Amino acid sequence: MSEAVREVNGNLVVSLTGEIDLDRAPEARRLLLDCVKRSKDVLVDLSAVTYIDSSGIASLVEALQWAKQRGTDLCLVAVSPQALRVFELARLDKVFAIHPDLDAALAGEN
Amino acid sequence: MSEAVREVNGNLVVSLTGEIDLDRAPEARRLLLDCVKRSKDVLVDLSAVTYIDSSGIASLVEALQWAKQRGTDLCLVAVSPQALRVFELARLDKVFAIHPDLDAALAGEN
Amino acid sequence: MKIAAITTPEAEYLLELRFPARTDRMAMVRDLVRSAARFCGFDEAGTHDIVLAVGEACQNVILHAYEGRGDGPILLDILQNADSIILRVTDFGPAVAPTAVQPRALRDLRPGGLGTYFIQNLMDTTDFGRSPSGVGNVLQMSKKKDPSK
Amino acid sequence: MKIAAITTPEAEYLLELRFPARTDRMAMVRDLVRSAARFCGFDEAGTHDIVLAVGEACQNVILHAYEGRGDGPILLDILQNADSIILRVTDFGPAVAPTAVQPRALRDLRPGGLGTYFIQNLMDTTDFGRSPSGVGNVLQMSKKKDPSK
Ligand SMILES: Nc1ncnc2c1ncn2[C@@H]1O[C@H](COP(=O)(O)OP(=O)(O)O)[C@@H](O)[C@H]1O
Ligand SMILES: Nc1ncnc2c1ncn2[C@@H]1O[C@H](COP(=O)(O)OP(=O)(O)O)[C@@H](O)[C@H]1O
């Protein structure tokens with residue numbers, strides 16, 4: 001998944017893909033925390049996430065907490081309908097900043 | 001499936017769709033035989049067939065036999081790769097006339 | 001979670017799946033559940049919710065009933081009646097008091113504790129108890145085919 | 001079809017599915033097999049062929065073992081080892097002589113008789129026999145993960 005991270009205007013854009021379940025959440029968690037450790041703002045692209053469950057959500061919550069502790073931002077971009085449903089269920093759609101696309105997210109950062 | 005039949009240049013074009021298995025083959029068979037009974041040439045569009053098994057193939061073979069008995073044509077059009085694989089397996093790809101698309105089939109009719 | 005004597009509902013058996021409690025099996029299990037929910041006439045949103053609920057239930061078995069030992073079996077029964085789809089997840093781990101299976105209070109920034117909460121919010125009924133045979137814990141869930149009813 | 005004592009191969013159990021011998025269940029069964037074949041690393045062409053072989057095997061059970069009675073159970077075991085996927089279709093109908101399960105001669109314009117022929121041509125091994133427990137007929141099929149081997 002390392003090719004899933006690219007730098008745009010000094011931010012890190014991470015793309016998660018496919019089904020983020022208990023099997024794949026550890027890999028997503030590692031990827032997200034590695035990005036947060038680089039002390040840049042992190043934009044997580046969820047457009048290609050076809051399924052996410054509580055374990056995937058937990059990885060994102062943990063990454064958000066780490067980012068807050070470091071004083072950096074972590075926000076969600078282009079959240080697929082399936083993923084948005086789960087964030088809403090968990091009432092986390094107000095906890096994470098969610099942007100419709102990358103341009104909106106980058107504008108929001110300034 | 002009755003909206004699946006339309007008339008083009010005096011031929012009947014029948015479109016089969018989805019998975020033609022033991023469950024749905026009787027419905028496909030009825031549709032095909034009804035077309036053959038109308039004593040026109042029949043073009044069977046298989047572009048939207050995602051799965052076909054021996055029971056689906058059997059319906060097409062039966063329709064072809066009926067057509068031959070009446071002296072009309074029955075040919076296959078735009079056969080999906082999944083369906084083509086099964087016709088090849090059954091060595092029926094040389095028994096049925098198979099046309100890449102409707103235009104080719106209509107040209108071939110003349 | 002509601003304490004219940006789990007009984008076999010009067011319903012038509014669609015399928016019964018048995019698989020080891022391993023995380024790498026879950027994508028296949030979800031594909032089957034997705035297919036069954038569509039068979040029962042659920043739309044994409046309803047199908048997603050059923051798949052998620054079953055995924056969370058199996059996750060709980062993997063994490064809690066078998067504590068990550070990947071060799072314990074999970075049984076998934078899928079049934080329907082005129083109104084609902086019914087899904088039953090059975091594990092063969094030690095008996096669990098149904099009162100121990102509780103969603104934690106939803107706090108904003110805490111990972112975990114979401115599974116049971118999701119299940120209860122996604123499905124119309126959820127019951128946790130011992131299986132009728134006395135072996136294993138059963139989580140039985142159902143969802144109405146037409147949510148407007 | 002080759003006469004064989006059906007033994008459990010040394011392989012890892014992926015999933016075990018049980019369902020009534022009804023034609024309307026087959027689309028769900030195929031979705032599971034498709035998912036399992038992909039899990040074992042098969043490409044789209046290999047996956048299609050495995051799904052078709054299992055579909056034909058179940059069709060034979062529905063038509064011949066249970067003669068259209070939709071209440072008999074079908075058991076589908078899916079296993080893998082390093083080389084192959086292994087699929088086992090068990091019915092609980094009357095004992096069938098393996099020699100009775102034969103593809104008919106392929107004649108061009110005759111419907112039927114294709115199922116067994118397909119199975120033998122789609123899979124690398126096919127064995128028909130009584131189940132090890134003595135109850136039921138088993139069709140065991142395997143397909144190599146890399147057909148170039
Ligand atoms: N199948 C099960 N077997 C044993 N305990 C369970 C089972 N399912 C749930 N539990 C208990 O219910 C609690 C709440 O589960 P859940 O809401 O999914 O959160 P989490 O899995 O993150 O702890 C678990 O911590 C566990 O103690
Ligand atoms: N599971 C089964 N139980 C009993 N008989 C079977 C079974 N599978 C196959 N057979 C026998 O093998 C024959 C060949 O099967 P097949 O090639 O699929 O053609 P068809 O199903 O069109 O007859 C069948 O006609 C039947 O007599």
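Lettering follows sequence order; numbering is per chain, from 1. The shown structure was predicted, so the numbers you read here are calculated from the model rather than taken from an experiment.
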**Message:** Quick one, D:V135 with D:F92, criterion side-chain contact (heavy atoms from CB on, under 4.5 Å). Give me CA distance, side-chain angles, the key distance, then yes/no.
**Reply:** CA-CA 6 Å; D:V135 183; D:F92 303 92; 3.7 Å; yes
**Prompt:** Would you say the side chain of C:F19 lies within less than 4.5 Å of the side chain of C:P73, judging by non-hydrogen atoms?
**Reply:** no
**Request:** List in chain and number order the residues that pass side-chain hydrogen bond (donor to acceptor under 3.5 Å, both in side chains) with D:N137, two or more places apart in sequence or in another chain; answer none if no residue qualifies.
**Result:** D:D91, D:R130
**Item:** Results of side-chain hydrogen bond (donor to acceptor under 3.5 Å, both in side chains) for C:S142 - residues two or more places apart only
**Value:** C:T125
**Prompt:** Within the distance-only criterion (no hydrogens, no angle test), does the side chain of D:D124 pair as donor or acceptor with the backbone N or O of D:K144 below 3.5 angstrom?
**Reply:** yes
**Asked** What are the residues of residues 21-32 of chain D, in order of number, with any heavy atom under 4.5 angstrom from a heavy atom of chain C?
**Response** D:R22, D:D24, D:R25, D:A27, D:M28, D:V29, D:D31, D:L32
**Prompt:** Do C:V96 and C:F128 have side-chain heavy atoms sitting under 4.5 Å apart?
**Reply:** yes
**Item:** Short side-chain to backbone donor-acceptor contact, C:K145 and C:Q80, under 3.5 Å
**Value:** no
**Prompt:** Does the side chain of D:R18 reach to within under 4.5 Å of the side chain of D:I74, using non-hydrogen atoms?
**Reply:** no
**Message:** Any heavy-atom pair between the side chains of D:Y117 and D:I119 that's under 4.5 Å?
**Reply:** no
**Prompt:** Using a heavy-atom distance cut-off of less than 4.5 Å, which residues of residues 36-62 of chain D contact chain C?
**Reply:** D:A36, D:F39
